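Step one of this worksheet: look at the structure below.
Numbering of residues begins at 1 and proceeds along the displayed sequence. Please read all numbers here as calculations on a predicted model, not as lab measurements.
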Amino acid sequence: MAHSAPILPSANLERTRAFYCYMGFTIVDAAPDYLRLRFDDAEVHFHPVPGTDPATNTAGWYLRVEEPEELRCKWEADGLDCLDVPVPPIFGPTAFAVIDPDGGMLRVGPADRI
């Protein structure tokens, strides 16, 4: 079995940690120059890039979960802005997306479809 983890830029690792932990991610490891977070079996890593501009950041990743609509309802109830994002079918279904403080896009879709 193979797993992968995206490594994304962060202008401020502490702000990134706070944002994702608010969403329910847990800290795997946090150092001044690297952050590893987990959501269920998924892992995401961040490294510091102080000049990251939310307006031009093209980084993003895809999180597959069992019940994306339940997660969307929970996150929206917690005050997060969950966006409808159209994507070409070749990339698989995206139920919604969340933009992090650095402009990175987290797309969320169903685990049972690729």
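- Both Y22 and L63 belong to a common hydrophobic cluster when Ile, Leu, Val, Met, Phe, Trp and Tyr are linked at side-chain heavy-atom distances under 4.5 angstrom.
- With hydrophobic clusters built from ILVMFWY side chains whose heavy atoms lie under 4.5 angstrom apart, V49 does not share a cluster with V44.
- Closest approach of P48 to P32, counting heavy atoms only: CG-O, 4.5 Å.
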What donor-acceptor contacts under 3.5 angstrom involve side-chain atoms of residues 101-109, with partners at least two apart or in another chain?
{"unit_1": "D102", "atom_1": "OD1", "unit_2": "A11", "atom_2": "N", "d": "3.3"}
{"unit_1": "D102", "atom_1": "OD1", "unit_2": "R15", "atom_2": "NH2", "d": "2.4"}
{"unit_1": "D102", "atom_1": "OD2", "unit_2": "A11", "atom_2": "N", "d": "3.2"}
{"unit_1": "D102", "atom_1": "OD2", "unit_2": "T16", "atom_2": "OG1", "d": "3.4"}

TODO: Start with the C-alpha distance between D29 and Y34, add both sets of side-chain angles, then the distance that settles side chain to side chain donor-acceptor pair (under 3.5 Å), and finish with yes or no.
DONE: CA-CA 8 Å; D29 187 35; Y34 208 77; over 6 Å; no
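- Annotation for R64 and A111: closest pair CB-CA, 3.7 Å, computed over non-hydrogen atoms.
- Note on I99 and F96: separate hydrophobic clusters, where clusters join Ile, Leu, Val, Met, Phe, Trp and Tyr whose side-chain heavy atoms are under 4.5 Å apart, directly or indirectly.
- Residues F39 and Y62 do not share a hydrophobic cluster, defined by chaining ILVMFWY side chains whose heavy atoms lie under 4.5 Å apart.
- For the atom pair CZ of F46 and CZ of R17, the computed distance is 12.0 Å after rounding to the nearest 0.5 Å.
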Open item on the list: Walk me through whether R36 and E43 qualify under side chain to side chain contact (heavy atoms under 4.5 Å, CB included).
Closed with: CA-CA 7 Å; R36 292 173 49 210; E43 198 168 293; 3.2 Å; yes
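- Between C82 and W75 the shortest heavy-atom distance is SG-CB, 4.0 Å.
- Scanning both residues, A95 and D84, for their nearest heavy atoms gives O-OD1, 4.0 Å.
- Using a distance-only test at 3.5 Å, with no hydrogens or angles considered, no donor-acceptor pair links the side chain of Y20 to the main chain of I27.
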Task: Residue pair H45, L35: steps toward the side chain to side chain contact (heavy atoms under 4.5 Å, CB included) verdict - done: CA-CA 6 Å; H45 300 196; L35 175 64; over 6 Å; no
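- Considering every non-hydrogen atom in both L83 and R72, the closest pair reads C-NH2, 4.2 Å.
- Between F25 and F19, the ring center distance fails the sub-6.0 Å criterion.
- A side-chain donor-acceptor contact under 3.5 Å links N12 to the backbone of E14.
- Between the CG atom in D40 and the CG atom in L71 there is a gap of 9.0 Å [rounded to 0.5 Å].
- L80 and V65 end up in the same hydrophobic cluster when Ile, Leu, Val, Met, Phe, Trp and Tyr side chains are linked at under 4.5 Å.
- Residues L13 and S10 approach most closely at N-OG, 3.3 Å, considering heavy atoms.
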